[in-house]
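Following: one structure in structure tokens, then a few remarks.
Numbering of residues begins at 1 and proceeds along the displayed sequence.
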Amino acid sequence: MTKVTTRPFGSWEGREVTLYTLDNGETSVSVMSLGATLQSICTKDKAGNTVDVLLGYDTPQEYMSHGGYLGACIGRHANRIKNASFDLGGKTYQVNKNENNNNLHGGPNGYDRRFFDVQVITLGEDQAIACKLYDEDMSAGFPGNVAVTVVYSLSADNALKLDYTASTDADTVVNLTNHAYFNLNGSGIGTIVNHKMKIYAPFYTPVDEDCCPTGEILSVKGTVFDFTDFTTIADGIDRVPDMAITGGYDHNWVLDAPAGQLNLAAETIGDQTGIRLKPSTTLPGIQFYAGNGMDECKGKNGVDHHKRDAFCLETQYFPNSTSVPFFPTPFLKAGETYRSVTVYQLCKE
């Protein structure tokens with residue numbers, strides 16, 4: 001049975017921050033009210049030791065001062081919008097730029113920097129938390145008043161479920177994800193390049209000079225993007241053809257499953273602990289980011305963060321899908337409801 005406990009977690013800009021911890025007796029997950037941010041995920045490894053597989057910080061100030069969006073809820077639009085503009089309903093919307101000419105992860109004041117109203121709820125016999133945010137019309141340049149809810153729940157078999165819903169009063173864009181940084185050997189243990197990974201995707205979307213999809217959908221077969229069988233990350237990470245742009249893996253994979261159904265998207269195994277992460281999603285794409293541009297800084301408990309000390313598997317609509325007509329669309333019409341589910345299943349070898 002999962003229970004939720006709370007404790008103060010400092011403050012930011014004069015507002016108190018609360019940490020909510022879901023605990024099922026084997027695995028615990030902590031979520032910060034600022035950014036609905038995943039702050040820790042502690043679980044057992046193959047030897048029975050407790051391992052925190054999530055990188056993060058000890059204070060809200062560190063989350064706000066460092067880059068990378070560690071563990072944060074991302075919105076209104078995850079990943080990149082090229083030239084920070086899109087057309088909708090016969091009108092061109094210019095949204096805030098924060099990565100050269102791109103809008104990245106919702107802009108400089110995205111959901112990662114917003115306070116969520118968090119409530120402890122009951123799902124069956126378990127407690128969970130519902131994180132709610134009201135995003136006003138033209139916030140960061142996006143049209144429509146949008147009400148967002150993310151429910152975090154933890155099952156008895158160590159599955160962390162992120163259940164997203166959103167509604168709007170005007171046609172808009174909604175593409176929500178979480179930017180958790182995982183190291184399955186443990187936070188601060190070192191590089192993730194010896195992890196083994198499998199991605200259930202026969203295609204990927206190559207990127208241009210702005211790290212945005214070119215509009216092509218290419219086969220992974222015979223390339224460094226082929227993770228259709230378990231592959232050590234190190235095998236291809238320094239042979240990515242656009243290294244000068246991405247620094248390694250930072251690409252969207254096109255999942256081999258019907259969108260709207262919950263399907264297994266990937267599996268990753270920690271080479272030291274045997275901890276296995278199995279994300280499933282209802283969304284059509286997943287971004288594998290290998291931490292190529294991570295801040296060199298101190299993380300939780302004083303551990304060092306370095307380049308490639310963590311990986312992200314961000315479930316999503318494809319980057320820049322606002323401008324590529326044949327990509328799955330992130331547009332949400334007035335009066336309709338956005339819904340997506342992502343599950344991070346933790347298990348041991």
Check the surroundings of atom CD in Q61: do more than 12 heavy atoms from other residues, nucleotides or ligands lie under 6.0 Å from it?
yes
Of all heavy-atom pairs linking D171 and A334, the shortest is OD1-N, 2.8 Å
If we count only N and O atoms by modelled type, under 3.5 Å, do the side chains of T228 and K198 hold a donor and an acceptor together?
no
Sub-3.5 Å donor-acceptor pair from the side chain of D137 to the main-chain atoms of G144, do we have one?
yes
Flag, side chain of T232 to backbone of A234, donor-acceptor distance under 3.5 Å:
no
L38 with V120, same ILVMFWY side-chain cluster at under 4.5 Å:
yes
If you draw a 6.0 Å radius around NZ in K196, do more than 12 non-hydrogen atoms from other residues or ligands fall strictly inside?
no
Has D45 got a side-chain atom pairing as donor or acceptor with G48's backbone, closer than 3.5 angstrom?
yes
Checking V29, T5, I129 against Y20 for side-chain contact (heavy atoms from CB on, under 4.5 Å), the one that qualifies is I129
If you look only at pairs with a residue in residues 328-349, which of them pass as a ring-ring contact (aromatic ring centres under 6.0 Å, His included), with sequence neighbours excluded?
F182-Y344
Under the rule for side-chain hydrogen bond (donor to acceptor under 3.5 Å, both in side chains), what residues qualify as partners of T122, not counting sequence neighbours?
none
Does any N or O in the side chain of N175 come within less than 3.5 Å of the main-chain N or O of Y317, such that one atom is a donor and the other an acceptor?
yes
Straight-line distance of S33 OG to R15 CZ, nearest 0.5 Å:
8.0 Å
Between P328 and S321 the two heavy atoms that sit nearest each other are O-CB, 3.5 Å
So, the side chain of Q39 versus the backbone of G71: is there a donor-acceptor pair under 3.5 Å, distance only?
no
How long is the gap from OG1 on T246 to CD1 on I237, to the nearest 0.5 Å?
9.0 Å
Closest approach of L264 and S280, non-hydrogen atoms and distance?
CA-OG, 3.5 Å
With no hydrogens and no angle check, do the side chains of T172 and R76 hold a donor and an acceptor under 3.5 Å apart?
yes
Is it true that K82 and D208 make a salt bridge, defined as a side-chain N closer than 4.0 Å to a carboxylate O?
yes
Qualifying residues under ring pair (Phe, Tyr, Trp, His ring centres under 6.0 Å), relative to Y204, sequence neighbours excluded
F225
Does a side chain donor of either D157 or S155 reach within less than 3.5 Å of an acceptor in the other side chain?
yes
A180 and C312 have their tightest heavy-atom pair at O-SG, 3.4 Å
Distance-only donor-acceptor pairs under 3.5 Å for side chains of residues 104-112, two or more places apart:
from, atom 1, to, atom 2, distance (Å)
H105, ND1, N79, N, 2.9
H105, NE2, H179, NE2, 3.3
Y111, OH, D135, OD2, 2.8

M197 vs F288, test: side-chain contact (heavy atoms from CB on, under 4.5 Å). Steps then yes/no.
CA-CA 10 Å; M197 182 172 288; F288 168 34; 3.7 Å; yes
Answer with yes or no whether the side chains of S30 and T21 bring together a donor and an acceptor at under 3.5 Å.
yes
For E296, give me all partners under side-chain hydrogen bond (donor to acceptor under 3.5 Å, both in side chains), at least two apart in sequence or on another chain.
H306
Side chains of T205 and N252: is there a donor and an acceptor less than 3.5 Å apart?
yes
Hey, any chance V224 and F227 share a hydrophobic cluster, counting ILVMFWY side chains that come within less than 4.5 Å of each other, even indirectly?
yes
Enter the distance from I192:CD1 to K307:NZ here, rounded to the nearest 0.5 Å.
11.0 Å
In terms of heavy-atom contacts, L123 and S153 come closest through CD1-CB, 4.0 Å
Please check if any side-chain donor atom of E216 sits under 3.5 Å from a side-chain acceptor atom of T214, or the reverse.
yes
Nearest-0.5 Å distance that lies between atom OG1 in T177 and atom CG in L313
9.5 Å
Got a second to check how far Q94's CD is from I81's CD1, nearest 0.5 Å?
10.0 Å
If you measure only the distance, is there a donor-acceptor pair under 3.5 Å linking the side chains of N145 and D169?
yes
Between the side chain of T223 and the main-chain N/O of V220, is any donor-acceptor distance below 3.5 Å?
yes
Distance-only polar pair, side chains of R80 and N103, donor-acceptor under 3.5 Å
no
Side-chain donor-acceptor contact under 3.5 Å, N158 with Q345
no
How far does CD1 of I189 sit from OG of S187, to the nearest 0.5 angstrom?
8.0 Å
Run the side-chain contact (heavy atoms from CB on, under 4.5 Å) test on V207 and H251 for me, step by step, so that the C-alpha distance in whole Å, both residues' side-chain angles and the decisive distance to 0.1 Å come before the verdict.
CA-CA 7 Å; V207 298; H251 299 78; 4.1 Å; yes
Test side-chain contact (heavy atoms from CB on, under 4.5 Å) on T27 and L154; report intermediate values, then the result.
CA-CA 8 Å; T27 296; L154 178 65; 4.3 Å; yes
Would you please say whether a donor-acceptor pair under 3.5 Å links the side chains of E62 and T59?
yes
Using a strict 4.0 Å threshold on nitrogen-to-oxygen distance, state whether K298 and D58 make a salt bridge.
no
H195 vs N183, test: side-chain contact (heavy atoms from CB on, under 4.5 Å). Steps then yes/no.
CA-CA 9 Å; H195 284 36; N183 185 320; 3.7 Å; yes
Does the side chain of D87 pick up a donor-acceptor pair with the side chain of T92 at under 3.5 Å?
yes
Any salt bridge linking R308 with D238? Criterion: basic side-chain nitrogen under 4.0 Å from a carboxylate oxygen.
yes
Between the side chain of S219 and the main-chain N/O of K221, is any donor-acceptor distance below 3.5 Å?
yes
Would you mind checking if E26 and K348 are paired as a salt bridge, meaning a charged N to carboxylate O distance below 4.0 Å?
yes
Using a side-chain heavy atom cutoff under 4.5 Å and only I, L, V, M, F, W and Y, what cluster partners does M32 have?
F9, W12, V17, L19, L34, L55, Y57, Y63, M64, L70, F115, Y181, Y289, M294
Counting distance only, does the side-chain N/O of Q127 pair as donor-acceptor with the main-chain N or O of V4 below 3.5 Å?
yes
Using atom types as modelled and distance alone, determine if a side-chain donor or acceptor of D163 lies under 3.5 Å from a backbone N or O of V341.
no
